[in-house]
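Structure record follows, encoded as structure tokens.
Note that this is a predicted model, so its numbers are computed, not measured.
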Amino acid sequence: MALDYRKCAEELVPLLGGKENLISAAHCATRLRLVVADNSKIDQKAIENVEGVKGTFQSNGQFQIIIGTGTTFQSNGQFQIIIGTGTVNKVYDEFLAVTGLTAASKDDVKAAAAAKAPVWRRMLKTVGDVFVPILPAIVASGLMMGIVEALGHAIPGFSDSDWYGFLDLVSNTAFTFLPVIVAISAARVFGGNLFLGAVIGLMMVHPSLTNGWNAADGYDVWYLFGHGLKIGSYTFGQVNQLGYQGHVIPVIIAVYFMSKLEKWLHKHVPEIIDLFVTPLTTVFVTALLTFMIIGPIFSTAETYVLTGAKWLITAGYGIGAAAMGAIYPITVVMGLHHMYNVIEAGMLAEGGLNIWMPLASAANFAQFGACLAVGVKTKNAKRRSVAIPSALSASLGITEPAIFGVNLRLYKPFVFGMIGGAVGALFGSLSGLGATAYGVTGIPGLLTIDNIPVYLVLLAISGGIAFALTFFFWHEDPEDNDKYLEEKAANEEKALKEEAEHAPVIISSSAGKIYAPVSGKIVPYTEIPDATFAAGTLGEGVGIEPDTEIILAPYDGTISSVAETKHAIGITGENDQEVLIHVGIDTVQMNGDGFTPLVKEDDQVKKGQPILRFSKEKIAKAGHSDMVCVLLTNSDDYEDVKIGADAE
């Protein structure tokens with residue numbers, strides 16, 4: 001059955017905190033991207049019950065609603081509703097119509113979300129923004145390097161052939177000139193000129209400089225301002241004739257400075273000479289600062305980071321690796337996992353293997369095992385439909401659907417995945433596994449790993465432990481069982497039908513009878529704790545102290561109005577009876593929070609049909625009475641109106 005786009009949008013809006021809680025909305029090929037003002041206003045449990053919703057996740061300003069198929073993505077302060085190709089645009093159109101929001105671009109939404117993030121998170125996100133776009137180049141080179149190396153070992157004499165030399169050139173180009181690729185990507189992120197960024201990157205690996213990998217053999221030094229001013233062992237103006245082939249952090253810092261300087265110059269240099277002065281000044285000043293200050297300082301810092309990372313992985317017989325294998329999925333939840341790209345790129349740029357990849361692969365494959373166990377064990381068809389494809393995605397290294405849609409929601413599978421990841425990472429560290437690329441884990445990692453049989457054992461250990469622990473020690477909530485849910489729905493339907501059949505007449509006149517829309521204690525309108533209602537200004541009627549949280553149609557009729565704040569519904573019945581059902585006193589101040597209309601204007605309804613759901617708990621928390629006011633607004637048209645017990 002096709003998704004009702006309008007109904008989906010209408011049900012989501014109040015559960016997201018209402019229109020006033022929505023800042024902006026955009027969509028891409030599969031996702032509806034939203035930025036909200038206050039996460040606490042979101043009713044996560046209710047959203048999970050909206051037709052079509054596959055799951056939700058909320059943490060640290062991030063919230064995701066998974067609807068249909070697609071992969072998840074998170075960024076701080078941004079809510080993403082994953083709907084699927086061919087459907088998202090239709091839901092988006094309805095969402096804009098319902099909320100009154102103006103269409104925004106993905107960049108607008110990203111900017112609004114990013115502005116809400118703390119500084120440290122914005123910095124880490126920037127690192128991810130720099131490295132994610134260059135992944136295809138790194139993955140392609142890494143895969144080819146792995147294939148070429150395997151052929152060299154498998155075929156005698158191949159490593160001395162012309163084909164080997166050619167393929168070796170093709171495969172290692174991205175790593176040889178990695179600073180150039182990073183510089184271009186960084187210039188794009190920081191808003192600088194891409195070609196000026198490329199010049200800075202090329203400058204840092206210029207052939208006039210000693211190759212950074214040969215630093216141990218010595219290098220010359222330029223003293224641009226002589227030998228006069230010394231700071232310890234450093235001479236001001238000293239430029240080491242050493243390339244940065246093995247570094248990426250100095251490149252990012254240099255291009256960041258370049259981009260800021262270029263923007264400043266564009267604003268202050270007269271337009272008539274801007275074309276010449278700005279690029280010249282930008283490149284020259286950036287070059288001086290890069291080779292005198294930025295390069296030496298941050299290359300040293302990066303060396304310490306890489307040394308520390310390697311020590312962590314191998315420290316204490318792999319205990320550090322085990323700890324990172326457990327923590328890794330938490331960094332995915334926080335959106336911080338892209339920061340590892342710097343470490344992995346640095347390891348590869350130094351000419352060695354990426355020993356971080358097996359650790360990440362163990363962590364990711366463990367989440368696959370836990371998610372697969374949920375899919376196999378669950379008796380909830382909806383959960384199974386999410387878990388199985390999410391597990392498949394995780395086996396290929398994309399863990400967000402499994403983590404956010406299944407494991408983290410159920411808690412125990414996520415923890416069991418952490419345990420499996422820790423054991424697998426420990427094994428990977430002790431076995432000395434390494435890869436020739438980064439950005440590839442799980443099954444695709446077989447193409448980059450240096451020891452396939454041992455890697456398969458790592459996947460079996462991490463995924464197998466997580467699967468076994470989840471299968472035997474995670475127990476599904478009985479209320480999530482399909483049979484239970486079906487029985488619950490059937491019982492609710494039966495109860496509503498019985499309530500409608502036994503509903504007392506609360507208002508009668510020559511025009512007809514009006515039945516109680518909800519069960520509870522009935523009082524005359526004069527006792528309603530609201531001066532306007534009690535005075536009969538809006539018509540005669542009754543107040544009902546509700547026992548349930550569902551409003552039923554009081555007779556056959558047509559929905560004439562649904563309040564924008566969702567708390568009141570108007571119905572026109574036979575002989576032009578006009579009834580207003582107003583849930584709560586002063587609940588207009590709640591702006592729709594806690595109210596979910598089940599009908600829209602001009603809908604035809606039958607007596608006893610559910611037309612509105614509301615939350616007694618939310619009304620109480622807001623400090624309001626939940627009394628349901630039922631008023632015959634045109635009671636002046638009839639001379640024989642009776643209310644309450646007199647209406648029977």
Considering only heavy atoms from C-beta outward, does the side chain of [X] approach that of [Y] to under 4.5 Å?
X	Y	result
Gln241	Trp222	yes
Asp220	Thr210	no
Phe298	Val251	no
Leu209	Tyr219	no
Phe257	Thr290	no
Leu396	Phe368	no

Would Ser361 and Tyr455 count as having a side-chain donor-acceptor pair, cut-off 3.5 Å?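 Ser361 vs Tyr455: donor-acceptor pair found between side chains.
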Could you walk me through whether Met203 and Thr286 pass side-chain contact (heavy atoms from CB on, under 4.5 Å), step by step? CA-CA 11 Å; Met203 193 182 300; Thr286 302; over 6 Å; no
Report yes or no: does [X] contribute a side-chain atom to a donor-acceptor pair with the main-chain N or O of [Y] at less than 3.5 Å?
X	Y	result
Thr278	Leu275	no
Asp450	Thr436	no
Gln367	Pro329	no

Is it the case that over 12 heavy atoms from other parts of the model lie below 6.0 angstrom from the OH atom of Tyr223?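 Enclosed.
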Does Ile272 have more than 12 heavy atoms from other residues, nucleotides or ligands lying within 6.0 Å of its CD1?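 Atom CD1 in Ile272 is not crowded, with 12 or fewer foreign heavy atoms closer than 6.0 Å.
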Test Met418 against Tyr328 for side-chain contact (heavy atoms from CB on, under 4.5 Å), laying out the working first. CA-CA 8 Å; Met418 292 173 62; Tyr328 190 93; over 6 Å; no
Would you give the length of the straight line joining atom OG1 of Thr441 to atom CG of Asn364, rounded to the nearest 0.5 angstrom?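 Answer for the OG1-CG pair, Thr441 versus Asn364, is 4.0 Å.
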From Ser259 OG over to Trp264 CH2, what is the distance, rounded to the nearest 0.5 angstrom?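 Output value for this atom pair is 16.0 Å.
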